[in-house]
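Computed from a predicted model, the values in this text were never measured in an experiment. Every chain is numbered from 1 and lettered A, B, ... according to where its sequence line falls, protein lines coming before strand lines.
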Amino acid sequence: MASIPSQLDDEVSLRLRIDALNANYVHTIDDDRLEDWPNFFTADGEYSISTRENHEMGLPICLVQCKGTGMFRDRITALRQANIYEPHTYCHSVSALHISSRSQGVIATKSNFTLVRTMSEGEMMLFAAGRYVDKIVDYNGELKFAERRVILESRRIDTLLVIPI
Amino acid sequence: MASIPSQLDDEVSLRLRIDALNANYVHTIDDDRLEDWPNFFTADGEYSISTRENHEMGLPICLVQCKGTGMFRDRITALRQANIYEPHTYCHSVSALHISSRSQGVIATKSNFTLVRTMSEGEMMLFAAGRYVDKIVDYNGELKFAERRVILESRRIDTLLVIPI
Amino acid sequence: MASIPSQLDDEVSLRLRIDALNANYVHTIDDDRLEDWPNFFTADGEYSISTRENHEMGLPICLVQCKGTGMFRDRITALRQANIYEPHTYCHSVSALHISSRSQGVIATKSNFTLVRTMSEGEMMLFAAGRYVDKIVDYNGELKFAERRVILESRRIDTLLVIPI
Amino acid sequence: MDTIDRGNYPDFVWPYEDTSRVPFQVYTDEELYRVEQKKVFQGNVWNFLCLESEIPEPGDYKTTYAGDTPIIVVRDEAGDINAMVNRCAHKGSLVCYKPRGNVKELACVYHNWVYDLRGNLTAVAFRRGVGGKGGLTDEFKNSEHGLQRLRVEVFRGLVFGTFSEKTEPLADYLGDELVSAVDRVLIKPLKVLGYYSQIFKNNWKLYVENNKDSYHASLLHVFHNTFGVVRPNMGGGIKISDSGWHHLSYTERTDISDDEIVKENVRSKQDAYSLEDPTLMEHKLELGDNVTNNIQTIFPTLVIQQILNCLAVRQLIPKGVNESELIWTILGFEDDDEEMIQHRVATNNLVGPAGFISMEDGAVGAWVQRAAKSDREALTVMPMGGRAIEPSQGSRVTEAAVRGFWKGWRECMEI
Amino acid sequence: MDTIDRGNYPDFVWPYEDTSRVPFQVYTDEELYRVEQKKVFQGNVWNFLCLESEIPEPGDYKTTYAGDTPIIVVRDEAGDINAMVNRCAHKGSLVCYKPRGNVKELACVYHNWVYDLRGNLTAVAFRRGVGGKGGLTDEFKNSEHGLQRLRVEVFRGLVFGTFSEKTEPLADYLGDELVSAVDRVLIKPLKVLGYYSQIFKNNWKLYVENNKDSYHASLLHVFHNTFGVVRPNMGGGIKISDSGWHHLSYTERTDISDDEIVKENVRSKQDAYSLEDPTLMEHKLELGDNVTNNIQTIFPTLVIQQILNCLAVRQLIPKGVNESELIWTILGFEDDDEEMIQHRVATNNLVGPAGFISMEDGAVGAWVQRAAKSDREALTVMPMGGRAIEPSQGSRVTEAAVRGFWKGWRECMEI
Amino acid sequence: MDTIDRGNYPDFVWPYEDTSRVPFQVYTDEELYRVEQKKVFQGNVWNFLCLESEIPEPGDYKTTYAGDTPIIVVRDEAGDINAMVNRCAHKGSLVCYKPRGNVKELACVYHNWVYDLRGNLTAVAFRRGVGGKGGLTDEFKNSEHGLQRLRVEVFRGLVFGTFSEKTEPLADYLGDELVSAVDRVLIKPLKVLGYYSQIFKNNWKLYVENNKDSYHASLLHVFHNTFGVVRPNMGGGIKISDSGWHHLSYTERTDISDDEIVKENVRSKQDAYSLEDPTLMEHKLELGDNVTNNIQTIFPTLVIQQILNCLAVRQLIPKGVNESELIWTILGFEDDDEEMIQHRVATNNLVGPAGFISMEDGAVGAWVQRAAKSDREALTVMPMGGRAIEPSQGSRVTEAAVRGFWKGWRECMEI
Ligand code: FES
Ligand code: FES
Ligand code: FES
Ligand SMILES: [Fe+3]
Ligand SMILES: [Fe+3]
Ligand SMILES: [Fe+3]
């Protein structure tokens with residue numbers, strides 16, 4: 001797997017490395033390689049899914065919140081072993097990468113995504129749209145998420161939400 | 001805000017600067033920072049929203065047309081102060097950046113977008129899809145739109161169109 | 001048309017050249033310049049449209065399969081001269097470019113796409129979503145597809161599929 | 001079911017003594033919707049179909065709708081305009097599946113039955129079969145299998161069609177007021193400057209009412225007040241055809257009653273803002289008077305618009321009981337110069353789905369529809385200007401034209 | 001049609017001798033859906049509308065629904081809470097089109113009719129017309145054109161409304177069991193910690209049944225068993241209001257019957273896994289007992305939830321016969337410290353559309369709906385705990401509360 | 001309502017003397033759609049369910065549909081194939097919610113009721129309650145609560161099911177013509193090469209008619225003519241089962257009537273183009289004759305296809321009155337070598353939603369549906385080959401098979 005040389009650490013390559021990170025992240029989910037999902041985060045990394053409404057009203061509740069590798073792994077174990085749901089797949093689009101700031105090795109970025117969900121009989125729908133609000137760090141040459149906050153445009157979830165976004 | 005160094009003025013950085021411009025543009029709208037929207041255009045810049053049908057038939061009518069900063073500001077003032085509409089938000093995807101030509105400092109580009117609209121109760125829909133057909137100029141190191149023509153795929157607008165695309 | 005200098009053949013420019021290739025490809029289709037579509041492929045290039053279901057079950061059937069320039073041209077001739085369908089247009093989004101591998105001058109990549117179809121009266125729908133799984137080669141300084149496999153998320157096609165994806 | 005198909009509607013009774021109150025059921029009832037197609041749109045009315053200038057040459061056709069029935073409008077070799085239902089007499093496929101084109105004849109692609117430009121069946125593929133096998137028997141007469149024709153009349157470049165033999169001539173249908181009103185606006189050959197459409201999440205009748213509702217203009221659309229620009233005051237007036245079915249509303253450049261608006265309009269910040277670029281408010285007088293706004297409605301679903309220099313026709317298409325589509329055709333005159341065209345483009349910012357003074361109409365209908373569905377028996381009330389259906393000179397503060405629409409609807413529906 | 005509007009429903013007859021069997025038709029019949037709006041939601045029931053703490057100040061309003069009827073809840077200058085149908089008395093537009101806000105009065109944007117915070121019509125734009133022309137006649141009385149009001153009662157911070165004069169007082173409606181159950185959970189002033197909603201592709205009643213179905217909990221949701229964590233065993237019990245309409249289900253921290261669950265639960269791999277981070281299972285006792293789970297249902301469509309430290313109210317909104325929306329309002333107490341808030345956020349991973357022990361409820365309703373549509377006469381069967389509608393102490397293996405729901409539904413529907 | 005559920009349909013009367021004319025109402029009427037589920041798909045017909053080779057092992061199951069009823073097809077321990085309605089006898093959830101799998105028993109996840117592979121209820125979770133509390137009473141008999149079973153017959157690897165005891169044996173149902181027609185194509189064990197499906201925006205019957213309509217083939221699909229390749233001429237012929245319900249259409253490699261096609265086919269540019277790569281037109285004779293095309297329809301909704309070397313079964317699923325889904329299962333033979341498989345993949349470019357000679361069938365049905373809705377009483381006409389329902393040798397220019405379909409429909413519907 002050819003990755004962008006990390007020493008070439010200027011804005012140009014940084015942007016491309018983050019593009020590659022985002023691409024790699026969504027393919028890992030869309031290909032159902034969910035056991036690799038926790039590895040995109042630092043050991044004490046945080047992931048949450050909330051709504052624009054809660055976000056703008058300053059309300060703390062998230063639909064999903066994982067803090068630290070253990071909770072990430074528990075999510076996947078539950079998805080694989082405990083929870084019941086109709087088989088379905090995701091297809092992410094991710095675009096509009098914006099690098100908001102860089103300081104003390106933490107890169108703050110924002111991107112938009114749309115997510116198409118497909119059920120096993122073929123029913124396809126726009127399941128979610130929103131933005132990724134991220135804090136990214138370089139972890140010996142590899143970019144990881146110290147924080148990835150998923151802010152959904154809509155408060156509505158169709159049926160259920162089991163696969164991470 | 002870390003921006004791509006403008007002196008690195010080759011195709012590589014140009015492409016990334018335009019990516020950054022497009023990203024910044026859509027986040028400005030999606031984050032409801034509409035008062036900043038006119039600043040993406042040159043003082044005599046032009047913005048229009050038309051349809052593929054009118055475009056292909058060579059018909060001049062646009063749904064929205066702004067020429068010069070004044071008309072851009074009037075649009076936003078009307079949106080904030082005069083017009084009535086149900087609260088809603090946009091989430092843009094933008095991709096497929098194509099640089100068509102460069103001459104006399106004017107860069108002609110084309111991109112595709114899709115636009116998801118979300119109403120305050122959570123109803124989400126694919127509100128628009130189409131392309132941005134742009135003329136971009138470097139305005140002391142900052143890229144601005146001398147012209148941004150939004151060509152909608154569909155002639156149909158659901159309910160109303162008040163937030164710029 | 002300003003293209004990324006091909007001699008600058010490192011990861012950075014490669015990524016951007018593939019971005020440009022993908023952008024050029026979808027605009028060629030979305031602009032209805034379908035006679036140019038075969039030129040994106042090598043003389044013995046292969047194109048196919050299948051479904052995630054067939055792909056994951058290892059089933060060989062595709063909805064469309066073209067091997068070699070002749071079959072590509074036949075598809076377009078049939079579309080222009082023989083087949084009957086209601087006029088409609090495509091608008092592609094393509095994102096999440098992932099470069100899987102490089103060896104013997106063959107670059108293996110993967111991207112996600114969504115495709116909005118618009119009928120002549122304005123009806124717009126999410127017609128398809130899925131991934132491009134590609135083998136790309138540098139053909140005297142120009143990137144071409146030795147293979148482009150379109151894997152649709154859904155087994156369902158609304159009405160008919162006549163324009164290539 | 002069968003009874004409905006004969007167009008009767010036994011279960012529904014108008015619940016009030018006149019048309020100054022209307023039950024919400026009329027906006028939400030599936031059966032009523034089905035009957036409307038028969039008794040309103042396929043009844044004794046003239047449906048707007050297209051502009052003559054959209055099909056200038058012999059063989060030019062355009063597809064359109066009358067109610068929700070697909071229609072072909074085509075100009076024949078003699079230059080006459082014909083309108084037919086876009087449904088093949090064989091198995092019912094759309095004969096034309098493209099929005100416009102030029103043809104020598106109308107050939108259905110399914111089995112290649114061919115009609116002339118007047119809708120007569122001229123050829124049936126394999127009518128004699130193959131090798132003497134199959135094909136048609138003698139009982140089949142082409143003359144009995146043409147496309148269903150509409151009667152057509154053209155007035156000032158507008159093409160109208162009716163399904164009924166009983167519909168009176170168009171000029172009588174419109175009445176003198178509307179005839180002269182149309183005359184006033186469509187004074188020269190027309191040129192289409194562009195199209196767009198707007199989806200309403202509401203029953204078609206709510207948008208028709210909105211257009212006949214001269215009362216809401218300065219109250220819902222506060223762009224003028226907000227920016228303190230010359231505004232369509234609540235003066236002016238409305239006229240109504242003797243039938244009550246059609247109307248026109250107009251305002252002139254005389255601001256007598258501004259203070260009253262100021263007194264009334266609690267919502268908009270009076271003149272708090274000013275337009276940085278007032279280009280789009282400029283009015284190039286071209287119709288020989290200083291009427292700034294003139295909205296004309298022709299029953300059931302046509303609107304003719306003059307707002308400053310924005311000329312348009314708006315065609316409303318019902319799309320089921322809860323949805324409708326408004327197709328805007330923006331007009332100029334054949335002899336517009338480039339500057340005038342650019343001016344119309346600029347002023348067009350005022351109208352349409354993104355129009356400063358019209359976008360709200362897209363929202364309010366859906367709000368009524370949502371509120372309507374939960375109580376079908378509840379009644380609206382339209383008390384402005386009393387209960388009569390009469391013109392009003394010097395004031396547009398009346399709902400007379402809306403009451404007139406309901407008179408027309410009830411007459412068509414025999415309800 | 002008309003008959004239906006009077007609320008009768010001649011064609012439908014309950015096909016079984018009691019409510020232990022239900023025909024699938026009740027989930028798929030459009031007419032029944034329409035009648036439900038009238039006879040259940042607009043009938044003699046108390047609909048949950050919002051939380052008092054969502055509109056703390058005079059002029060604060062929130063829009064909500066009772067059944068599928070849009071409602072405004074607003075606190076007036078006197079601090080009283082008023083609820084009105086969100087439908088203008090004039091032409092029926094939504095008066096409030098934003099989800100929440102603070103206003104001095106309720107002004108409809110369409111024609112600027114103005115209502116006070118109790119729903120009385122106080123002003124009609126241009127009531128006197130312009131220059132003496134147009135406007136209202138004397139027959140128009142403001143007092144006859146107010147917004148439709150609901151009766152309101154507030155209990156423990158929950159705001160309820162009813163359309164009917166006949167509905168008994170809220171406390172009597174709830175009954176002693178539910179009153180004390182609510183008392184137990186909502187012990188302090190509430191604070192909203194967040195919102196989300198969930199779309200069910202099923203009739204609203206299927207989700208109501210799911211909540212009253214204490215039988216499914218440990219069978220459908222096997223998170224506890226899978227991870228071998230302290231689990232809501234099938235002990236505990238349920239209580240049912242005397243009316244049979246409401247219920248509560250509870251479990252305590254006493255695992256007497258685990259082996260029985262083990263014996264029963266074939267699907268989940270017993271304790272095969274362990275949580276790497278059990279934070280979200282931690283229970284900070286705060287209600288003075290060690291009840292781990294307490295689900296309360298108030299007829300027709302409210303659920304009050306205590307699952308460990310996850311407090312929430314869930315409001316169900318019918319959206320046509322085949323769809324419904326569940327609005328989750330996640331709660332804490334006013335005096336929660338930051339640590340407690342963070343704990344509630346963590347434990348919230350258990351519930352909601354993404355909740356480890358609740359997500360399945362979003363799926364099963366849709367599965368019933370899909371299977372139901374093809375055979376309207378087929379009957380479900382609810383034999384658990386016999387056919388009676390009675391409480392159960394020490395076991396939640398009963399469908400008594402579901403049978404109770406159908407008793408309530410039939411009483412409202414007079415079926 | 002109740003009456004409808006008994007399957008009668010008092011309001012609809014067939015408006016013509018025979019089945020050579022059909023009213024558009026049959027494509028748009030919601031009530032008729034509901035009755036069809038009962039009287040056609042759940043009536044005296046054999047519904048295609050799946051291929052035997054899709055569930056080769058004991059415990060293998062596949063979910064499918066009969067009309068719009070969800071069905072489970074499963075092979076039991078004895079190797080027999082069972083078909084049951086996919087609806088739990090308890091509260092009606094789908095028992096299988098995955099498209100395929102292998103199971104020892106059928107366990108419903110909602111409350112863990114368990115059925116054997118023949119659909120018998122074998123276990124009810126907590127049947128004895130907990131600690132003696134709750135659970136079932138003695139009146140509950142497992143034997144009365146199994147899954148609803150269909151009768152199953154397998155023919156040449158095709159699995160069929162019927163809801164009715166009265167349906168005659170499959171071979172009799174098909175009749176000799178169809179039995180030998182199926183024999184001709186499915187000569188060896190089958191292998192699935194792939195799946196895809198196609199959504200039609202039209203009533204299911206319009207696609208069934210399209211398949212029985214041997215008249216449209218060379219007129220709508222002009223690929224052959226355009227490219228001047230060997231084409232399915234309008235010779236060949238059709239056969240019809242004695243019942244009139246089923247048919248087959250075939251063409252051989254004998255171009256007797258090409259000139260007639262040339263004379264007829266006005267639309268396609270005769271032989272104006274040539275295929276740069278004719279691979280996909282190559283026909284590897286494998287069925288012992290030189291029949292190039294053979295389309296077989298088995299009432300109500302199965303199509304068996306041989307087009308050159310493209311073998312497929314197409315299963316049509318109604319999805320409401322205005323939509324249907326066609327599931328294509330592309331077939332090869334067990335003993336195909338890699339080259340033959342690749343050849344079938346190449347020739348598959350001819351068929352399916354993207355097929356050179358079939359894509360149009362996806363469009364025309366929707367065109368009829370759109371035109372149909374606005375006039376329910378208007379009639380189609382099917383005069384080709386007269387009015388009789390009889391085979392045709394040497395010509396496919398007949399609508400006899402379509403008339404036969406309507407005969408079957410009317411017999412099932414008792415209309
Ligand atoms: S449907 Fe038009 S020719 Fe057959
Ligand atoms: S509808 Fe509210 S004021 Fe007219
Ligand atoms: S619904 Fe199947 S076990 Fe209850
Ligand atoms: Fe208006
Ligand atoms: Fe549950
Ligand atoms: Fe065909």
Side-chain angles (χ1 to χ4, degrees), chain C residues 38 43-44 46-88 117 119-121 123 125 127-128 150-165, chain F residues 99-100 191-202 220-227 267-269 272-280 310 312 325-332 338 341-342 344-349 351-367:
Chain C
D44 61 349
E46 176 166 351
Y47 172 80
S48 65
I49 302 176
S50 189
T51 68
R52 187 164 179 153
E53 178 185 37
N54 288 343
H55 181 65
E56 293 182 351
M57 291 177 76
L59 298 174
I61 282 295
C62 309
L63 285 126
V64 172
Q65 185 196 52
C66 296
K67 284 183 175 178
T69 306
M71 291 180 79
F72 286 83
R73 293 219 194 93
D74 290 339
R75 266 279 158 194
I76 302 307
T77 308
L79 174 152
R80 297 286 192 214
Q81 305 299 338
N83 291 124
I84 302 296
Y85 47 90
E86 208 168 334
H88 58 278
R117 184 193 65 187
M119 309 309 289
S120 56
E121 287 189 354
E123 183 194 3
M125 83 176 281
F127 180 66
V150 180
I151 312 292
L152 302 174
E153 284 289 289
S154 173
R155 60 145 65 181
R156 281 185 188 162
I157 302 296
D158 180 90
T159 305
L160 58 78
L161 169 57
V162 64
I163 303 173
I165 291 173
Chain F
R100 50 183 73 83
K191 176 167 57 183
V192 172
L193 298 183
Y195 301 97
Y196 44 73
S197 94
Q198 191 169 6
I199 295 291
F200 299 129
K201 295 290 172 49
N202 56 258
L220 176 61
H221 311 295
V222 299
F223 175 83
H224 296 89
N225 293 334
T226 304
F227 287 95
R267 183 163 54 76
S268 82
K269 313 189 182 37
Y273 302 89
S274 61
L275 284 174
E276 296 195 22
D277 186 338
T279 312
L280 78 172
C310 305
E325 178 174 14
L326 185 68
I327 297 182
W328 297 70
T329 304
I330 311 302
L331 301 173
E338 186 53 28
I341 289 172
Q342 286 314 314
R344 296 197 199 275
V345 171
T347 55
N348 187 71
N349 279 294
V351 300
F356 286 126
I357 63 169
S358 73
M359 68 170 74
E360 289 85 1
D361 295 321
V364 288
W367 293 343

*Check: C:Ile61 and F:Tyr196 side chains under 4.5 Å, non-hydrogen atoms*: yes
Taken in chain and number order and not counting sequence neighbours, the residues that satisfy side chain to side chain contact (heavy atoms under 4.5 Å, CB included) with F:Ala346 are C:Gln65
Whatever's closer than 4.5 Å to a heavy atom in chain F on C:Thr77 counts as both
So, the part of C:Asn54 with a heavy atom under 4.5 Å from chain F: the answer is side chain
Any sub-3.5 Å donor-acceptor pair from C:Asp74's side-chain atoms to F:Glu276's backbone N or O? yes
Whatever's closer than 4.5 Å to a heavy atom in chain C on F:Trp367 counts as side chain
Please walk me through it: do C:Arg73 and F:Asp277 pass salt bridge (Lys or Arg N to Asp or Glu O under 4.0 Å)? CA-CA 9 Å; C:Arg73 293 219 194 93; F:Asp277 186 338; over 6 Å; no
When the 4.5 angstrom heavy-atom criterion is applied to F:Leu193 and chain C, the contacting part is both
Smallest heavy-atom separation, C:Ala82 atom then F:Glu360 atom, equals O-OE2, 4.1 Å
Handout entry: Non-hydrogen side-chain atoms of F:Ile199 and C:Thr159 separated by less than 4.5 Å
Key = no
So, the part of F:Ile330 with a heavy atom under 4.5 Å from chain C: the answer is side chain
| message | Any side-chain to backbone donor/acceptor pair from C:Asn83 onto F:Phe223? Under 3.5 Å, distance only. | response | no
Residue pairs passing the salt bridge (Lys or Arg N to Asp or Glu O under 4.0 Å) test with at least one member in residues 50-61 of chain C, sequence neighbours excluded, are C:Arg52-C:Glu56, C:Arg52-C:Glu153, C:Glu53-C:Arg155, C:Glu53-F:Arg100
